Amino acid sequence: QVQLVESGGGLVQPGGSLRLSCAASGFTFNYYTIAWFRQAPGKEREGVSCIRVSNGRTYYADSVKGRFTISRDNAKNTVYLQMNTLKPEDTAVYYCAAHTDYLQWSRCAIGEEYDYWGQGTQVTVSS
C-alpha cells in the first residue's frame, strides 16, 4: 500500500525557513518522481518542485526558484523541500505526490500526472 506522509509545516515569519519532509512507503522509491504542490485558499494548485529520485533531476517553479531546494534521501525513502526566504505568498497547504512510472519531464509539475498524494501540511508565513 503506497503511502506518502508530509511533515514540517508550521507558522514562520517572512524571511524565515522551513523544511518539509515527505516520507514514502509501499513502493520502490528509487524509480519514482516525487513532486511538491501547494494550494492556497481561492487559488489553483501549483506545482512547486519535482525530483526524479533515480538521478536527482530537479525542477522548480519560477515563483520559488533560488529560495526552495528539493532533495532526497534514498536510504530513508524521504524527499525534502527546504524553503528559505519565505514570503507571505508562500502560505498554502503543501502536498507531496508520487508518479509511479516514466514521466515526461516537461509534465512533472502537472498534478494530474500523479498517482499518489499525501494528506498535506499547512505552511503559514505571517508576522
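What you see below is based on every heavy atom in this structure, not just the backbone, and it leaves out hydrogens, waters and symmetry mates. Fair warning: this is a prediction, and the values are worked out from it, not measured in the lab.
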Between F37 and Y114, does the ring centre distance come in under 6.0 Å?
yes

Judged by atom type as modelled, is there a donor-acceptor pair below 3.5 Å linking the side chain of R72 to the main-chain atoms of V53?
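Yes, because the side chain of R72 sits within donor-acceptor range (under 3.5 Å) of the backbone of V53.
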
Can any side-chain N or O of H99 pair as donor or acceptor with the backbone N or O of E113 at less than 3.5 Å?
yes

Positive for side-chain hydrogen bond (donor to acceptor under 3.5 Å, both in side chains) with R67, one of D90, T85, N84
D90

How many angstroms lie between atom [atom1] of [X] and atom [atom2] of [Y], to the nearest 0.5 angstrom?
{"X": "D115", "Y": "Y32", "atom1": "CG", "atom2": "OH", "value": "7.5 Å"}
{"X": "K65", "Y": "Y59", "atom1": "NZ", "atom2": "OH", "value": "7.0 Å"}
{"X": "S49", "Y": "M83", "atom1": "OG", "atom2": "CE", "value": "11.0 Å"}
{"X": "S127", "Y": "L11", "atom1": "OG", "atom2": "CG", "value": "9.5 Å"}
{"X": "Q82", "Y": "S17", "atom1": "CD", "atom2": "OG", "value": "5.5 Å"}
{"X": "Q104", "Y": "I110", "atom1": "CD", "atom2": "CD1", "value": "8.5 Å"}

Could you see if [X] belongs to whatever hydrophobic cluster contains [Y]? Use Ile, Leu, Val, Met, Phe, Trp, Tyr and a side-chain cutoff under 4.5 Å.
{"X": "L81", "Y": "I51", "answer": "yes"}
{"X": "V48", "Y": "Y80", "answer": "no"}
{"X": "W36", "Y": "F68", "answer": "yes"}
{"X": "V12", "Y": "V64", "answer": "yes"}

Would you say [X] and [Y] make side-chain contact, with heavy atoms under 4.5 Å?
{"X": "V2", "Y": "T100", "result": "no"}
{"X": "Y60", "Y": "T69", "result": "yes"}
{"X": "E112", "Y": "R45", "result": "yes"}
{"X": "Y102", "Y": "R52", "result": "yes"}

Geometric class of the Y95/W117 ring pair [parallel <30°, tilted 30-60°, perpendicular >60°]
perpendicular

Considering non-hydrogen atoms only, spot the tightest contact between [X] and [Y] and give its length.
{"X": "C50", "Y": "A109", "result": "SG-N, 3.7 Å"}
{"X": "I34", "Y": "I70", "result": "O-CD1, 4.2 Å"}
{"X": "Q122", "Y": "V93", "result": "OE1-CG2, 3.2 Å"}
{"X": "E6", "Y": "G120", "result": "OE1-N, 2.8 Å"}
{"X": "K76", "Y": "T78", "result": "O-OG1, 2.8 Å"}
{"X": "L4", "Y": "C22", "result": "CD2-SG, 4.0 Å"}

Electrostatic pair R38:E89 at N-O distance under 4.0 angstrom:
no

